[in-house]
Amino acid sequence: MNDILLRHRQIPNLDQFPIYRQNGGFEAFKRALTSMQPDEVTDLVKASGLRGRGGAGFPTGMKWSFIDKNVFPHYVVVNADESEPGTFKDREIMESNPFQFLEGVMLCAYAVRANEAYIYLRGEFWQLAAELDKHIEYLEREGLLGEKLFGTDYSLRLYTHLGAGAYICGEETALLESLEGKLGQPRLRPPFPPSFGLYGKPTIVNNVETLANVPMILEKGADWFRGFGTEKSPGTKVFSLSGNVAKPGNYELPLGTTFRELIFEHGGGIPNGRSIKAIMPAGASSSLIVADEKALDTPMDYESVPSVGAMLGSASVIVVDDSVNMAWLINKTMHFFQHESCGKCTPCREGTFWMRHLTERIEHGQARWEDVELLNEVASNVKGKCLCALGDFSTEAVMSSIQRFRHDFEIKVLSEAPVSVDIKVSNP
Amino acid sequence: MNPLQERYSEEIAQVLSKYPADQKRSAVMPLLYIAQREHGYVSREQFAQIAEILEISATDVAEILGFYTLYHDKPEGKYRLQVCNDLPCALRGADQFLEGVCDHLGVKPGGTTQDGLVTVEAVMCLAACHRAPMFQVQSSEGIAYHEDQTVESAARLVDSWRATEVE
């Protein structure tokens, strides 16, 4: 199939401006500005059926159409705060296919009538931010960014902004707070960013992968895009494959590809003679699913993955082999969520701490069965009661692993008599 | 003009130009990076200097520093070797790698070598799960990724820093 997002794998040196131009780069942007109204661009993206690739899968064109047209200025903010364990797709797109990404940002900005766009990158992407700054300067010199572009009245500036190591800033309202120079803590919603976003102004927040699709949709049309994937989930998706798999990496495949094809055909299967035990389809925030025949043959799209008790989310597929005990695994994920809880709402702040305390005890053979039940109860009390999705995410691996891999907990709890419960968990 | 502003006036002006004139506070994170560059941490005096430039309180600046993990408020190793040992990396041996690096350098996670050169830290996900074991190095040069690592390759890197120090 033709790659859309990882085209650099087919076109050498696509990260160089002349090569990108030779391959049709920025023609879509020029055509949009000179022959299309902003709403026509939005309508085309709407017709393509593109859904947000950051995790929630919300229809992109529809989100753009929500922008408040009575209040200005408008902003576009790119969520490039990729921080979920298991996710590493946006980094490859921005490093290897940067101009397609930037053109996507520019098209989005034009469509929603924004004259300024901020690319919020996680602080660890220090070198990448410097590269993007160079590309942006180049585009300014080439007359693709700046004032009165292509002789029109439209002006556009792009800026990068580095975060500094906080997973919560991937949540769109926390990201906006952080960009405003405040603690990266989520806002109460509504109002949503298209009416009240950056600096209180209408703002569209989109993920890197989402925007990188847009130039090709403009170039080849909505029907072409709908030729990939499924009816409700058109297009391709970059699946980040990691964990106990022979060939981890990014694989761009149509939405609807099965787990089996991704893991065994593209990923080379399970190494070291082991067999597959579980799959996390959406990174650390995912439910664990038992890797049985039914699950392996499930299409990876937004509608099908829930049928096996999980969500597709950001499609960061973590493979777990049969050497892994799930009590160890949930302790790992809980370590992450406890560390990354921003502390703003009580259920998440206290719940993740408490759950970590219990997973640590279970992992070290210092728990009783009642502690496993208590862990499940705490998780069920956190779920659905938090200000943002991080709290919910922290419960997914916990509840699903206790439900689906009960034996692993029995091994930890019943085979090792509690000797001490003096495990201290502190914020690192 | 305070010492930070004097020293980096051009760069600070460039940072401020990214944000609306009435939203100077947005520059607090970039300014913290600038302040941290030379010594690897932000001093109390620098909190006040950043606050003065942005017309916010020093407490606001300190609060930001405390919230985000890439800022530091005390001197530690010249190089911060930050190993990701979250779940996907751990499934590819990151815990053993971290232990191996610590043993080699004679420190525990979070500790600094006796010569003050290297602080080894376990950190949260670095978006490089497919190339684990991996770590990033935070230093005055910024942040650099080192992927598909072994204890030996990490040791060679540390040796190269030590050689540079001797020169």
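Letters A, B, ... are given to chains in the order of the sequence lines, protein chains preceding strands, and every chain is numbered from 1.
Within the 4.5 angstrom heavy-atom criterion, only side-chain atoms of Gln136(B), from C-beta onward, approach chain A. Contact annotation for Leu162(A): both backbone and side-chain heavy atoms come within less than 4.5 Å of a heavy atom of chain B. When heavy atoms are compared at a cutoff of 4.5 Å, Thr87(A) approaches chain B solely by way of its backbone atoms N, CA, C and O. Interface remark: Arg157(A) contributes no atoms to any contact with chain B (heavy atom separation under 4.5 Å). Residue contact with chain A, scored on non-hydrogen atoms closer than 4.5 Å, involves the backbone and the side chain of Ala144(B) alike. Lys182(A) touches chain B through backbone and side chain together, each having a heavy atom under 4.5 Å away. Contact of Tyr75(A) with chain B is made through the side chain alone, with heavy-atom distances under 4.5 Å. With a 4.5 angstrom heavy-atom cutoff, Ser323(A) does not touch chain B via any of its atoms. If you measure heavy-atom distances from Val324(A) to chain B, the contacts under 4.5 Å come from the side chain alone. Interface remark: Cys342(A) contributes backbone and side-chain atoms alike to the contact with chain B (heavy atom separation under 4.5 Å).
For the pair His161(A)/Pro30(B), a side-chain contact is recorded, criterion being any heavy-atom separation below 4.5 Å from C-beta on. A 4.5 Å side-chain heavy-atom check between Met124(B) and Glu340(A) finds at least one atom pair inside the cut-off. Using a 4.5 Å cut-off on side-chain heavy atoms (C-beta onward), Leu87(B) and Met280(A) make contact.
Taking both residues in full, the closest heavy atoms of Phe88(A) and Ala127(B) are given as CB-O, 3.4 Å, listed atom of the first, atom of the second, then distance. Of all heavy-atom pairs spanning Tyr33(B) and Gly123(A), the tightest one is OH-CA, 3.6 Å. Closest non-hydrogen pair, Val245(A) versus Arg92(B), comes out as O-NH1, 3.4 Å. The shortest heavy-atom contact between Asn244(A) and Leu91(B) is ND2-O, 3.2 Å. Residues His339(A) and Thr69(B) approach most closely at CE1-CG2, 3.8 Å, considering heavy atoms. Scanning both residues, Asp95(B) and Lys332(A), for their nearest heavy atoms gives OD1-NZ, 2.9 Å.
Ranked by non-hydrogen atom pairs under 4.5 Å with chain B, the options Ser83(A), Ala166(A), Gly86(A) are led by Gly86(A). The choice from Glu124(A), Gln127(A), Glu82(A) that makes the most heavy-atom pairs within less than 4.5 Å of chain B is Glu124(A). Contact tally against chain A (heavy-atom pairs below 4.5 Å) for Cys89(B), Pro20(B), Gly110(B), Ala27(B): the top residue is Pro20(B).
Within 6.0 Å of the CD atom in Gln114(B), the count of heavy atoms belonging to other residues, nucleotides or ligands does not exceed 12. Other residues, nucleotides and ligands contribute only 12 or fewer heavy atoms inside 6.0 Å of the CZ atom of Arg7(B).
Checked by atom type and distance alone, the side chain of Tyr118(A) pairs as donor or acceptor with a backbone atom of Lys18(B) at under 3.5 Å. No donor-acceptor pair closer than 3.5 Å links the side chain of Ser242(A) to the backbone N or O of Pro88(B).
Taken to the nearest 0.5 Å, the CD atom of Gln23(B) stands 10.0 Å off from the CG atom of Leu179(A). Interatomic distance, Leu198(A) CG to Ser26(B) OG, rounded to the nearest 0.5 Å: 6.5 Å.
Side-chain polar atoms of Ser178(A) and Tyr68(B) form a donor-acceptor pair below 3.5 angstrom.
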Problem set entry | Stepwise salt bridge (charged side-chain N to carboxylate O under 4.0 Å, His left out) test for Arg91(A) and Glu147(B) | CA-CA 14 Å; Arg91(A) 186 178 149 218; Glu147(B) 299 170 300; 2.9 Å; yes
For this session: Could you go through the side-chain contact (heavy atoms from CB on, under 4.5 Å) check for Gln138(B) and Trp126(A) one step at a time?
Result: CA-CA 10 Å; Gln138(B) 190 180 12; Trp126(A) 180 285; over 6 Å; no
